[in-house]
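These notes concern the structure reproduced below.
One-based numbering along the sequence shown.
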Amino acid sequence: MRTTAAFLLVLCLLAISHAWDCQPVVDIKNLMQIDAGLGQVVATDTSQIPYYLVGDKWIRMPGYLKHITVGPAGIWGVNKDYAIYKYVAGNWVQAAGLLKQLDAGGDQFVVGANMNDSPFCLASSATVGYKGPGSPLPWTGLPGSVKYYSCGPFGCWAVNNNDDIYLMSLNQDCQNNGWSHIEGKLSMIEVATDGSVFGVNSVGSVYTRDGITASKPEGTGWSNIPMCMQMKHVTYDLGRLWVISKSGFTMVCTH
């Protein structure tokens, strides 16, 4: 079975468009979710074990998490009970609140969605200095309903339960101008440190948003990135596109 899977993966890599050079990530198996930002890469596997990439080695982090994120606000995660944690001095410190997914890619602020798809934001003044239960943690509720939420330098992107896509301008104090609907359908979406946007739709196809700039944060349109397997998760940083297939393979691609 393992030999067959490896053979199929080789065929897949050969079939991918020459525009992207994809290589298998062989040192870790069964990843569930991955996040890259500021040159760092973190991930969780199907056993909810968190990892941090050092060189080409995946280092096991303490605890168990179902979602992990890294960015200007640090490393944060949530577990199966929706408890929120920040990584401080080699250990996870619990933070107030309950979220199912969160993202640290904004300008030192953190955003996330709870189990009812309600979006929240934590201002940079609270995230950067958070050391433990004694630190203030004033979560700000945001309008709308989202299941997955990610931020970058030009704005925050989100998708709802209908896979509709939205964009919001959000500052360090969580001030915003509401959501703007963006055409297309995605089941998850990630914003890179450089503002690039990537996502996966319900059938496992990978897309990137074209034409994003500071003056045109909504971009101009979606382009498909050919993959010969159905994908479930994607993240991008420093020229590397990390993708996890629905069958459990992880690949890293360069353009």
Side-chain angles (χ1 to χ4, degrees), residues 1-37 41-51 53 58 64-70 77-80 82 100-103 105 112-113 115 117 146-150 157-165 184-192 196-209 222-237 240-255:
M1 178 67 71
R2 181 173 297 179
T3 302
T4 301
F7 178 70
L8 291 175
L9 179 57
V10 170
L11 289 180
C12 176
L13 294 173
L14 291 174
I16 291 175
S17 168
H18 68 275
W20 289 88
D21 176 23
C22 296
Q23 299 296 324
V25 177
V26 297
D27 294 332
I28 196 164
K29 307 294 182 183
N30 300 317
L31 288 186
M32 177 172 59
Q33 176 257 332
I34 191 167
D35 193 46
V41 182
V42 293
T44 58
D45 67 13
T46 52
S47 298
Q48 301 187 20
I49 296 174
Y51 294 90
L53 182 61
W58 292 91
Y64 293 89
L65 298 172
K66 70 172 186 177
H67 190 96
I68 189 170
T69 180
V70 61
V78 294
N79 68 11
K80 62 182 178 60
Y82 310 111
K100 66 177 181 179
Q101 180 265 333
L102 77 173
D103 187 82
M115 61 289 293
D117 290 349
V146 304
K147 67 176 179 180
Y148 201 102
Y149 196 3
S150 182
W157 293 69
V159 294
N160 65 12
N161 263 336
N162 195 40
D163 288 354
D164 298 317
I165 306 166
K185 294 279 188 177
L186 292 173
S187 56
M188 65 82 57
I189 195 164
E190 280 286 343
V191 187
S196 302
V197 175
F198 293 83
V200 180
N201 67 10
S202 59
V203 296
S205 299
V206 177
Y207 288 86
T208 184
R209 188 70 176 175
W222 297 103
S223 290
N224 174 246
I225 299 175
M227 296 281 169
C228 61
M229 290 187 288
Q230 292 182 328
M231 299 300 170
K232 65 180 179 181
H233 202 91
V234 63
T235 187
Y236 178 85
D237 183 53
R240 290 177 173 85
L241 177 67
W242 301 82
V243 288
I244 303 174
S245 75
K246 290 186 177 183
S247 56
F249 291 117
T250 301
M251 295 186 294
V252 58
C253 308
T254 54
H255 198 195

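- Here the side chains of T254 and R240 are in contact, with some heavy-atom distance below 4.5 Å.
- To the nearest 0.5 Å, the span separating CD1 on I34 from OG1 on T250 amounts to 6.0 Å.
- A side-chain donor from one of N162 and D164 sits under 3.5 Å from a side-chain acceptor of the other.
- When only modelled atom types and interatomic distance are considered, T46 and N30 share no side-chain donor-acceptor pair under 3.5 Å.
- In this structure, D35 contributes its side chain and V42 its backbone to no donor-acceptor pair below 3.5 Å.
- Crowding of K246 atom NZ: a count of heavy atoms from other residues, nucleotides or ligands under 6.0 Å exceeding 12.
- Across P50 and T44, no two heavy atoms sit closer than the pair CA-CG2, 4.2 Å.
- Inter-residue side-chain proximity for V200 and Q230 is flagged as unmet; no heavy-atom pair is nearer than 4.5 Å.
- Checking side-chain atoms of H67 against main-chain N and O of L102 turns up a donor-acceptor pair under 3.5 Å.
- When side chains are defined from C-beta on, T208 does not count as touching Y236, because their heavy atoms never get closer than 4.5 Å.
- A search for side-chain contact (heavy atoms from CB on, under 4.5 Å) contacts involving N201 returns L186, V203, S205, Y207, not counting sequence neighbours.
- For H233 against E190, the heavy-atom pair with the smallest separation is NE2-OE2, 4.3 Å.
- Nearest heavy atom pair, residue M227 against residue C22, reads CE-SG, 4.2 Å.
- A heavy-atom distance below 4.5 Å is found between the side chains of I49 and Y64.
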Steps toward side chain to side chain contact (heavy atoms under 4.5 Å, CB included) verdict (K100, K66): CA-CA 8 Å; K100 66 177 181 179; K66 70 172 186 177; 3.9 Å; yes
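- Taking CG of D21 as the start and NE2 of H255 as the end, the distance is 11.0 Å to the nearest 0.5 Å.
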Side chain to side chain contact (heavy atoms under 4.5 Å, CB included) between M188 and K232, worked out: CA-CA 8 Å; M188 65 82 57; K232 65 180 179 181; over 6 Å; no
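- Between the side chain of S245 and the backbone N or O of S247, at least one donor-acceptor pair lies under 3.5 Å.
- In this structure, W20 CH2 and I225 CD1 are separated by 4.5 Å, a value rounded to the nearest 0.5 Å.
- K29 contributes atom NZ, which lies 12.5 Å from atom CG of D45 (distance to the nearest 0.5 angstrom).
- Using a 4.5 Å heavy-atom cutoff, the side chains of V159 and I165 are in contact.
- Between Y149 and A158 the shortest heavy-atom distance is CD1-CB, 3.9 Å.
- When all heavy atoms of S187 and S202 are compared, the pair lying nearest together is OG-N, 3.9 Å.
- Taking 4.5 Å as the limit, some side-chain heavy atom of W242 sits within range of a side-chain heavy atom of L53.
- Of all non-hydrogen atoms in Y148 and Q101, the two that sit nearest each other are CA-OE1, 3.5 Å.
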